[in-house]
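For reference, the structure discussed in these notes is given below.
By convention in this document, chain letters (A, B, ...) are assigned in the order of the sequence lines, proteins followed by strands, and residues within each chain are numbered from 1.
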Amino acid sequence: MRNIFVRTWVEPRDIISPHWDGIFLFLRKDIEMAAELQNEYEQSELYRVRHSTAHVMAQAVLALFPEAKFAIGPAIQDGFYYDFDLPRPLTSDDLDLIEDKMKEIIKGRHVFTREVISAEQARHVFKNQPYKLELIDGLEQGGMDEDGNPIQEKPEISLYKSDTFVDLCRGPHVENMGKINPKAVKLMSVAGAYWRGDENRQMLQRIYGTAWLDPKDLKDYIWKLEEAKKRDHRRLGKDLDLYSVNDEVGAGLVLWHPKLGLMRKLAEHFCDEEHLKAGYDFVYSPHIGKASLWETSGHLGFYKENMYSPISVEGQDYFIKPMNCPFHVHIYKSGLKSYKDLPLRYAENGTVYRYERSGVLHGMMRVRGFTQDDAHHFCLPEQMPDEIDFVLDFSLHILRSFGFKEFKAYLSTKPEKSVGEPERWRDAEAALEEALKRAELPYEVDAGGGAFYGPKIDLKIKDAIGREWQLSTIQFDFNLPERFGLTYVGDDGQPHRPYMIHRALLGSLERFFGILIEHYAGAFPVWLSPTQATIIPIADRHNDYAHTIAKELQQYGLRISVDDRADRMNAKIRDAQKQKIPYMLIVGDAEMENHQVSLRLRSGDNPGAMALEAFREMALEAIANHTA
RNA sequence: GCCGCCGUAGCUCAGCUGGCAGAGCAACCGCCUUGUAAGUGGUAGGUCAUGGGUUCGAAUCCCAUCGGCGGCUCCA
């Protein structure tokens with residue numbers, strides 16, 4: 001349970017903009033407060049209400065299923081859950097019944113009482129509850145908490161009783177059920193969950209519920225869920241005709257439709273230019289490589305589960321690439337490198353394929369084939385701190401260009417099992433941390449959380465409704481230079497091993513665009529919008545003028561469409577709104593006469609008539625600056 | 001992969017305990033010539049995911065497969 005709250009460090013509702021057009025309200029919150037906030041939550045009345053409501057739910061379930069076996073039932077971010085082992089699958093009707101029963105129980109205003117008992121007594125109380133018995137064993141050994149994670153001290157075993165229900169529980173709870181407002185409680189869903197999260201163990205039924213102090217908070221919460229649903233990239237992907245995933249093509253394989261294709265092109269073009277300016281070299285690599293390549297790289301040893309079956313060609317096995325690194329390494333190796341050549345930065349938007357279990361696929365966010373904006377840096381040991389500074393700055397620059405404003409970094413350090421010399425690890429970790437400090441980025445250290453081949457920085461952004469997404473990753477790699485025997489010739493004429501850094505900024509383009517869609521709720525900034533302005537003639541006699549000014553604007557590189565259908569202006573505005581086109585240019589008799597357009601924004605604002613040139617300048621400026 | 005739910009027109013969804021496949025929107029063809037979020041009439045559109053089974057008869061019941069959704073586990 002302890003990790004549930006680290007995902008967001010501010011309640012999403014704190015940062016939702018009241019102006020609902022994807023404006024990101026910038027809130028500076030000290031990241032060190034994360035742990036404190038979690039702690040605060042666990043001591044709050046709300047936390048006790050939720051935890052207590054979980055007990056009430058368990059009592060209700062027991063009333064309906066006397067043979068129910070109980071696992072655990074904690075409070076979580078927006079509510080609570082409880083895992084049960086039940087004789088049959090629950091239906092949504094069951095949820096209604098359970099909820100009704102809960103409200104009945106709550107009305108009794110029963111008191112919660114705590115009692116400390118011995119393990120022996122506890123075993124007697126829960127003799128028919130195998131999951132509780134297992135928990136008691138864990139507690140008694142002092143080795144495990146309710147998730148099976150090791151804990152330091154040996155806790156005392158306590159019971160909580162309320163009405164007819166007794167549970168093994170460390171609390172805390174509300175004094176009595178009068179503190180629970182039945183109108184602020186709602187059961188949300190049923191889902192499968194493995195006992196202790198272990199897929200080799202019993203699958204239980206988890207009921208998710210939400211509970212609040214005030215019914216108004218419940219309403220807000222449900223409203224928020226609906227808002228999140230509205231900006232779901234799968235929903236918008238269909239509505240705006242952005243992408244599809246087709247049965248016959250295969251699950252987890254994304255088809256980019258023209259509008260999103262254009263946006264990707266624009267994004268790639270922008271990034272290419274920035275990479276060029278920043279001193280990157282562009283490389284390309286094939287989609288498959290011989291088995292021996294993946295042997296050498298170690299992927300067949302460490303990554304095989306995520307790789308597709310080999311293709312046999314003339315007796316040789318080839319594998320579809322799950323990563324680009326081995327190819328880039330070979331580009332480095334293709335010629336002798338002098339210390340004067342370094343640093344080298346090889347960039348490629350490389351499309352990789354990874355086997356993902358069907359249950360984890362999710363729109364564009366989690367797919368089986370995706371394109372990484374990948375790059376590998378090779379540098380001298382003494383260049384490494386600057387190289388890290390550079391890549392971190394560059395990363396932030398790119399992310400800011402797409403409109404993200406709030407970042408958080410995670411520094412993952414050396415795990416127990418690792419390759420590479422300890423002093424290289426120390427240098428690299430220090431360089432990463434120094435760079436984070438210089439960049440004045442809030443960060444958390446995940447001690448021992450690095451990959452076996454090197455430490456890393458992950459960058460997360462926060463989207464318009466407060467969710468965190470990991471985009472950039474900057475990873476050291478002590479493994480591949482060893483395995484492939486990479487060297488450069490130093491000023492002493494001797495071969496030396498270079499440092500290698502692997503980085504992706506947007507991560508996967510599929511996932512990145514999924515995130516962008518949700519962040520902007522489909523209302524993309526003008527520079528990315530497939531259609532930047534649509535011209536809406538009021539009547540047929542304005543069509544020629546509409547086409548004339550469209551051509552004029554197109555000459556400045558603006559993406560313009562003309563809605564010359566025989567529909568009413570209102571219908572055209574409605575369609576343009578639904579397509580979230582940034583600018584609507586309404587033209588009628590008055591505009592035609594004065595070489596004007598009447599501007600309407602997708603926000604609903606209506607700046608009104610202006611000279612065509614004035615509009616053009618305004619639009620070009622917004623595009624150049626990547627604003628709204 | 002596992003647990004539960006689901007798959008009907010381009011989209012959103014009706015279609016009850018088996019008895020001739022429906023609506024709204026979109027599309028297409030007209031009429032209307034319009035001033036800031038839906039003018040109006042008509043036409044066309046479906047192997048009811050796929051394959052098998054039960055039945056006189058299956059969109060409906062059963063089985064399998066493929067996909068989707070919510071979770072678990074994992075992750076870009």
(message) Which nucleotide wins on minimum distance to the side chain of M203(A), given the candidates rA37(B), rA76(B), rG71(B)?
(response) rG71(B)
(message) Taking the C1' atom in each of rA9(B) and rU47(B), what is the distance between them to the nearest angstrom?
(response) 13 Å
(request) Please evaluate the base of rG1(B) for a donor-acceptor partner in the side chain of E305(A) within a cut-off of under 3.5 Å? (result) no
(request) Calculate the interatomic distance between H542(A) atom NE2 and rG35(B) atom C1'; express it in whole Å. (result) 9 Å
(request) With the side chain of Y355(A) defined as its heavy atoms from C-beta on, choose the nearest nucleotide among rG1(B), rG35(B), rA38(B). (result) rG1(B)
(message) I'd like to know if E134(A) pairs up with R201(A) as an ion pair, taking the criterion as any Lys NZ or Arg NE/NH1/NH2 lying under 4.0 Å from an Asp or Glu carboxylate oxygen.
(response) yes
(message) Check this one for me: any side-chain N or O of R600(A) less than 4.0 Å away from OP1 or OP2 of rA37(B)?
(response) yes
(request) Please determine, for rA58(B), whether a Watson-Crick or G-U wobble partner exists with both distances under 3.5 Å, and give it or none. (result) none
(message) Taking donor-acceptor contacts at under 3.5 Å, does the side chain of Y194(A) reach the base of rC3(B)?
(response) no
(message) Can you see if the side chain of R541(A) gets near the phosphate of rU34(B) - specifically, an N or O under 4.0 Å from OP1 or OP2?
(response) yes
(request) Spell out, as yes or no, whether a donor-acceptor pair under 3.5 Å connects the side chain of R602(A) to the backbone of K580(A). (result) yes
(message) Give me the distance, rounded to whole Å, that separates rG71(B) from rG39(B) when you measure between the P atoms they each carry.
(response) 38 Å
(request) Could you grab the distance from atom CD of E268(A) to atom CG of D373(A), nearest 0.5 Å is fine? (result) 9.0 Å
(request) Could you tell me whether the side chain of Y81(A) has a donor or acceptor atom within less than 3.5 Å of a complementary atom in the base of rG71(B)? (result) no
(request) Decide whether a cation-pi geometry holds between K462(A) and F404(A); the criteria are a distance under 6.0 Å from NZ or CZ to the six-membered ring centre and an angle within 45° of the ring axis. (result) no
(message) Please determine whether a side-chain nitrogen or oxygen atom of R196(A) lies at a distance below 4.0 Å from atom OP1 or OP2 of rC72(B).
(response) no
(message) I want to check one thing: is the phosphate of rC32(B), taken as OP1 and OP2, less than 4.0 Å away from some side-chain N or O of R568(A)?
(response) no
(request) Counting Watson-Crick and G-U wobble pairs only, both distances under 3.5 Å, name the nucleotide matched with rA49(B), or none. (result) rU65(B)
(message) Are there over 12 heavy-atom neighbours, none belonging to D198(A), within less than 6.0 Å of that residue's CG?
(response) yes
(message) Side chain of V367(A) only, heavy atoms from C-beta on: which candidate in rG67(B), rU36(B), rA76(B) is closest?
(response) rA76(B)
(message) Please name the nucleotide paired to rG70(B) by Watson-Crick or G-U wobble geometry with both distances under 3.5 Å, or report none.
(response) rC3(B)
(request) Write down the distance separating the P atoms in rG67(B) and rC29(B), rounded off to the nearest Å. (result) 38 Å
(message) It should be established whether K238(A) places a side-chain nitrogen or oxygen under 4.0 Å from OP1 or OP2 of nucleotide rU12(B).
(response) yes
(request) Under a 3.5 Å limit for both distances, which nucleotide forms a Watson-Crick or G-U wobble pair with rC11(B), could you say? (result) rG24(B)
(message) Whether S358(A) contacts rG1(B) is assessed here as follows: a side-chain N or O lying under 4.0 Å from the phosphate OP1 or OP2. Is that the case?
(response) yes
(request) Take atom P in rC5(B) and the same atom in rC63(B), then report the distance between them in whole Å. (result) 11 Å
(request) Fit a plane to each ring of H287(A) and Y353(A), take the angle between them on a 0 to 90° scale, and name the class: parallel (under 30°), tilted (30 to 60°) or perpendicular (over 60°). (result) tilted
(message) Between rC6(B) and rG52(B), how many Å separate the two P atoms, rounded to a whole number?
(response) 24 Å
(request) Would you indicate, yes or no, if rG70(B) has its OP1 or OP2 atom less than 4.0 angstrom from a side-chain nitrogen or oxygen of R234(A)? (result) yes
(message) Tell me whether the ring of F370(A) lies stacked over the rA76(B) base, given a 5.5 Å limit on centroids and a 30° limit on the plane angle.
(response) yes
(request) Provide the Watson-Crick or G-U wobble partner of rG41(B), both distances under 3.5 Å; none if there is no partner. (result) rC29(B)
(message) At less than 3.5 Å, do the side-chain atoms of R574(A) and the base atoms of rA38(B) form a donor-acceptor pair?
(response) yes
(request) Classify the side chain of D540(A) and the base of rU33(B) as holding, or not holding, a donor-acceptor pair under 3.5 Å. (result) yes
(request) Check if the side chain of Q577(A) and the base of rA38(B) share a donor-acceptor pair of N or O atoms closer than 3.5 Å. (result) no
(message) Would you measure the distance from the P atom in rG70(B) across to the matching atom in rA23(B) and give it in whole Å?
(response) 31 Å
(request) If rU34(B) has a Watson-Crick or G-U wobble mate with both distances under 3.5 Å, name it; if not, just say none. (result) none
(message) Please classify the nucleic acid contact of N606(A) as base, sugar-phosphate, or nothing, using heavy-atom distances under 4.0 Å.
(response) base
(request) Salt-bridge test for D232(A) and K230(A): reply yes if a basic N is under 4.0 Å from a carboxylate O, no otherwise. (result) no
(request) Choose from rU36(B), rA76(B), rU12(B) the nucleotide whose nearest atom is closest to any side-chain atom of R235(A). (result) rU12(B)
(message) When the C1' atoms of rA59(B) and rA27(B) are compared, how many Å lie between them, rounded to an integer?
(response) 25 Å
(request) Run the numbers on H377(A) and Y280(A) for side chain to side chain donor-acceptor pair (under 3.5 Å), then give the verdict. (result) CA-CA 9 Å; H377(A) 296 217; Y280(A) 277 91; 2.8 Å; yes
(message) Regarding A566(A), tell me which of base, sugar-phosphate or nothing describes its non-hydrogen contacts under 4.0 Å with the strands shown.
(response) base
(request) Look at Y208(A) and rG4(B) and indicate whether a side-chain polar atom (N or O) is within less than 4.0 Å of OP1 or OP2. (result) no
